[in-house]
Amino acid sequence: MTRTPLIAGNWKMHKTAAEAVALARAVAEEANRRPDREVMIAPPATALFPVAEAVRGTRLILAGQNVAWEEKGAFTGEISPLMLADCGCAMAIVGHSERRHIFGEDDAMINRRLKGAMNHGLVPILCVGETIEEREDGRTAEVVEAQVRAGLADVNPESGRELVVAYEPVWAIGTGRTATSGQAQEAHAHIRAVLAQMFEKDIAAEIRILYGGSVKPGNAAELMAQADVDGALVGGASLDAQSFAGIINF
Ligand code: 13P
């Protein structure tokens, strides 16, 4: 099974619209040079529309950093899947560790967001990952499995192909402390085994599982070389065109 590597940049709460347009243009050029890879960015919502205009016709894929489950309504501060699609997004991140840990989103809410995205044709990237305490207690597999099962609850198995999972150990995010390639592979293999139980084996074999947490140009190749690591979800190193290019071209 060959899975096209997906290199995804999560810009988090960074970049004004003008800065975002300039960076997105540079990333789009790199994406066009690598038809063998898919490249995605998730700019802040305030920059999505101008970025979409600037990169129209390129291979660069746009994503929301989060997504609501309803099309519209009284949900102050939220962005609907319809609005993301309207801004040129094809994907949406859900369940990012910062949403879980800073903003208190739980698995049930994340599941609603994921299904909302899928119902509107957006490919969700479901983020999962253990805290350092959970790892030290030997609970990594259990925690990650529970997040995958709850996040994907009630997803029609046939739709399983239309999703991406990202393994992002909380202790590796923004810390400069990346998981070893062995730790990443172990978690990814477990996630794929869980997906095979939830969906069919051949569907699980098609789902891309990204690694996230202090991915840099210098460590990307070794992580991507692991059998079940199908790409990267990059924070800090995606904010600079050159360093992100170094990861796109791992
Ligand atoms: P860093 O690459 O900055 O560690 O962030 C990872 C991340 O959270 C991507 O979603």
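Ligands are counted one by one from 1 in listed order, and the atoms in each one are counted from 1 as well.
For Asp107, the side-chain contact (heavy atoms from CB on, under 4.5 Å) partners at least two apart in sequence or on another chain are Arg100, Gln147, Ala150. Every residue two or more places apart in sequence or in another chain that forms a side-chain hydrogen bond (donor to acceptor under 3.5 Å, both in side chains) with Lys12 is listed here: Glu98. Every residue two or more places apart in sequence or in another chain that forms a side-chain contact (heavy atoms from CB on, under 4.5 Å) with Ile203 is listed here: Glu158, Arg161, Phe199, Glu200, Ile207.
By the criterion of side-chain heavy atoms lying less than 4.5 angstrom apart, applied directly or through intervening Ile, Leu, Val, Met, Phe, Trp or Tyr residues, Leu152 is grouped together with Val128 in one hydrophobic cluster.
Enclosure of atom CD in Glu186 is not indicated, since only 12 or fewer non-hydrogen atoms of other residues, nucleotides or ligands lie within 6.0 angstrom.
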Quick check on ligand 1: any N or O pairs to the protein under 3.5 Å? One line per pair.
| residue | atom | partner | partner atom | Å |
| --- | --- | --- | --- | --- |
| ligand 1 | 2 (O) | Gly235 | N | 2.8 |
| ligand 1 | 3 (O) | Gly236 | N | 2.8 |
| ligand 1 | 4 (O) | Gly174 | N | 2.6 |
| ligand 1 | 4 (O) | Ser214 | N | 2.8 |
| ligand 1 | 5 (O) | Lys12 | NZ | 3.3 |
| ligand 1 | 8 (O) | Lys12 | NZ | 2.9 |
| ligand 1 | 8 (O) | His96 | NE2 | 2.8 |
| ligand 1 | 10 (O) | Asn10 | ND2 | 3.1 |
| ligand 1 | 10 (O) | His96 | NE2 | 2.9 |
| ligand 1 | 10 (O) | Glu168 | OE1 | 3.2 |
| ligand 1 | 10 (O) | Glu168 | OE2 | 2.9 |

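Applying the side chain to side chain donor-acceptor pair (under 3.5 Å) test between Asp230 and each of Arg192, Arg208, His188 identifies Arg192 as the sole match.
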